[in-house]
Amino acid sequence: MNYWLLKTEPTSYSIEDLQKEKKTTWTGVRNYQARNFLRDMKKGDKVFVYHSSCEIPGLFGVGEVVTDALPDPTAFDKKDSHFEPKSTKENPIWFAPTISFGKKFSEPLTLFQIKADAELKNMMVAQQGSRLSVMPVEKEHFQKIMKTLG
DNA sequence: GCCAACGTTGGC
DNA sequence: GCCAACGTTGGC
């Protein structure tokens, strides 16, 4: 099993939205490195939900991969802002897994706290200039965080 | 809103 | 394939 972190701007999609919807297809990622991580996600993998570009950036909850990544339908939708004419159904470029809600943390683990924690500060999300919206999380980090917040 | 740190694009 | 120009991300 693998562990991941998914960034989202809470003004567009938050952990509360996932809680209400129970599950969602994680569409709209348009970065090749992130795309490759999305394709590597397998059913049963765990994912942290990270809120970015907001008052308190940090980890707000956890979910689970329920469907391996399939071609991202928003890439085929001319009316969608993520429409990508180069991606065809025969030869899709962009992919999206489906994520289920696990739990919302009673308190978020803030980026500030992650950077201040000797064991967590080397997480990819805490590195300078880390702009990837999808990234792997090490098992040790996942377990330590879940021990504290889970 | 600023701006550093990236990623992408496109001319050559 | 280089690299300057440009666009975007995201913490602060």
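Letters A, B, ... are given to chains in the order of the sequence lines, protein chains preceding strands, and every chain is numbered from 1.
For A:D72 (side chain) and A:W94 (main-chain N/O), no donor-acceptor pair under 3.5 Å exists by modelled atom type.
An OP1 or OP2 oxygen of B:dT8 is reached within less than 4.0 angstrom by no side-chain nitrogen or oxygen of A:K86. The side chain of A:Y50 contributes an N or O atom lying less than 4.0 Å from OP1 or OP2 of C:dG11. A close approach under 4.0 Å does occur between a side-chain nitrogen or oxygen of A:K7 and OP1 or OP2 of C:dG10.
Among the heavy atoms of the strands lying under 4.0 Å from A:Q128 are primed sugar atoms or P, OP1, OP2 only; no base atom is included.
Atoms CZ (A:R35) and P (B:dT8) sit 11 Å apart, rounded to a whole Å. A:Q33 has its CD atom 15 Å from the P atom of C:dT9, to the nearest Å. Between the CZ atom of A:R30 and the P atom of B:dT8 there is a distance of 13 Å, given to the nearest Å. Here the C1' atom of nucleotide B:dT8 and the CD1 atom of A:I93 are 14 Å apart, to the nearest Å. Separating the CE atom of A:M135 from the P atom of C:dG10 is a distance of 8 Å, rounded to the nearest angstrom.
Comparing atom distances between the A:S52 side chain and each of C:dT9, C:dG11, B:dT8 picks out C:dG11 as nearest. Checked against C:dG11, C:dG10, B:dT8, the side chain of A:N31 finds its nearest nucleotide in B:dT8.
Side-chain N/O atoms of A:T27 and A:T74 include no donor and acceptor closer than 3.5 Å.
Using cut-offs of 30° and 60° for the angle between ring planes, the A:Y13 and A:W26 rings count as perpendicular.
Atom CG of A:L38 is separated from atom OG of A:S133 by 7.0 Å, given to the nearest 0.5 angstrom.
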